[in-house]
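Residue numbers begin at 1 in each chain, while the letters A, B, ... track the order of the sequences.
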Amino acid sequence: MKRLCLSSLLLMVVVSANAATSNLPFINDDYPKALAAAQQRNLPIFVEVWAPW
Amino acid sequence: MRDLLAHADLARYAGQFVWLELSYDEEGNRAFMTKFGASATPTFFVVDFHDEHVIAMQPGVMSLAEVTQFLDRGTSGFIAKTQTPADIALTRGDAVLADKPAEAAKAYQEALRLTPDNWPHRELTEASLVQALQDSSQWQQCAETSAIDAAAMKRDVIFVRTVVGGMWCLASTDPAPWAEATLHKLQPLAEEALTLPTTVRDHRDAIYRTLMFISINRKDNAAAAKWGGRWLAELDAIKPRSDDERSALDIARVENIQVYGDPERILPALIESERAMAHNYIASLRLAQMEKAAKHYDEAIAACDRGLARAPGANGRAWLLQIKADALKSKGKVLEARQALEQALQAAQEIPTQMGRDMNISMIQNMLKTTEEPPK
């Protein structure tokens with residue numbers, strides 16, 4: 001896990017690949033859109049907060 | 001972690017959730033980060049759209065088994081009718097873990113009080129309790145709880161997470177008799193965790209680094225070097241299969257050296273990664289950091305410039321410029337260092353999250369104070 005303090009921020013990173021290969025139909029960077037889809041389909045929202053660093 | 005979310009076993013969950021990924025770097029995601037208080041990456045949430053409350057939350061990487069359990073908890077929490085009072089307390093703990101970890105710890109303790117020993121979420125809740133105690137800086141209770149609970153757990157990823165939390169708490173505290181006594185119980189569990197095939201790389205990294213920190217706290221640099229060397233050797237033996245993995249290996253290398261070790265040791269790997277990931281500004285940033293740590297200031301400045309040419313976001317620009325300023329200052333180029341810091345300050349104003357923005361601005365302002373202009 002990567003804590004968001006500066007000393008760590010400067011060190012870490014990870015993940016740069018996108019989820020294109022995922023079997024899961026991810027919405028990118030659009031919480032309002034996900035919220036609307038969840039209301040429409042009566043489903044909970046799974047959220048992954050990630051960082052390109 | 002994102003590779004894991006592409007695992008075929010998770011496809012059966014596709015229709016059970018709306019799936020959202022949010023980049024911490026994106027300005028447009030600021031409202032979500034503020035509302036839900038993500039304090040680490042990665043962090044996972046299951047959110048109920050009705051009132052936008054958190055059903056489940058998990059900071060940090062997870063194994064496939066943990067992701068599956070997390071998703072199951074998310075679906076059962078959404079249905080809600082199947083929740084026992086203990087389930088509700090667990091959900092309440094998850095909901096406040098990011099913002100109010102002390103409160104989360106109380107909710108997890110309540111959940112554990114309300115349940116029989118065979119409650120299916122018991123070990124998960126124990127692990128989350130250790131996390132909450134760690135996040136609220138309750139070092140002694142965290143380490144002691146970890147040592148007691150982990151010893152009785154089945155040896156799986158939740159066991160490892162519990163041990164890792166306890167080890168961080170021990171590494172965060174000053175030497176004390178209770179800490180020494182707890183270390184005697186927890187270190188064997190940490191070493192056992194290193195032997196388990198289910199222990200993910202992030203957890204191996206945390207175990208090695210906490211062993212290094214604890215060794216240094218006890219003024220045993222030889223032990224720190226031993227643990228650090230062992231971890232670097234493991235990392236060097238891994239052939240990365242993707243940029244994700246290459247980045248993760250490099251992060252672990254840099255973090256290792258930051259605890260104890262010679263930055264020259266990892267420069268060849270970082271140089272290779274920067275070449276291999278031609279559009280990744282963080283690869284340049286990591287290299288710049290270690291070049292600077294090795295006192296190769298010209299190389300550090302050049303790496304920063306390459307990183308800045310790779311279109312970093314506001315966070316990235318601010319960090320690269322801070323490193324560049326530091327290297328320039330070390331070369332005695334104070335005016336250029338101040339210019340870089342002024343640019344860093346501008347970049348920092350655009351960082352999406354308030355916490356990241358405030359932290360960077362404060363850091364840069366302090367650097368400016370200690371980077372005095374020469375007399376005219």
Is any side-chain heavy atom of [X] closer than 4.5 Å to a side-chain heavy atom of [Y]?
X	Y	result
B:Phe44	A:Phe46	yes
A:Val49	B:Met33	yes
A:Pro44	B:Val46	yes
A:Glu48	B:Leu22	no
B:Leu20	A:Phe26	no

Looking at B:Phe70, B:Phe36, B:Phe49, B:Phe17, which makes the most heavy-atom pairs under 4.5 Å with chain A?
-> B:Phe49
Counting heavy-atom pairs under 4.5 Å with chain A, the top scorer among B:Val47, B:Leu10, B:Val164 is B:Val47
Derivation of the side-chain contact (heavy atoms from CB on, under 4.5 Å) call for A:Val47 and B:Phe32 = CA-CA 10 Å; A:Val47 186; B:Phe32 182 95; 3.7 Å; yes
Please state whether the side chain, the backbone, both or neither of A:Asn42 comes within less than 4.5 Å of a heavy atom of chain B.
-> both
Segment of [X] engaging chain A (4.5 angstrom heavy-atom cut-off):
X	value
B:Gln16	backbone
B:Leu249	neither
B:His50	side chain

Nearest-0.5 Å distance, CD of residue B:Glu26 to CG of residue A:Asn28 = 9.5 Å
At what distance, to the nearest 0.5 angstrom, does CG of A:Leu24 lie from NE2 of B:His7?
-> 11.5 Å
Donor-acceptor contact present, side-chain A:Asp29 to main-chain B:Ser23, <3.5 Å | yes
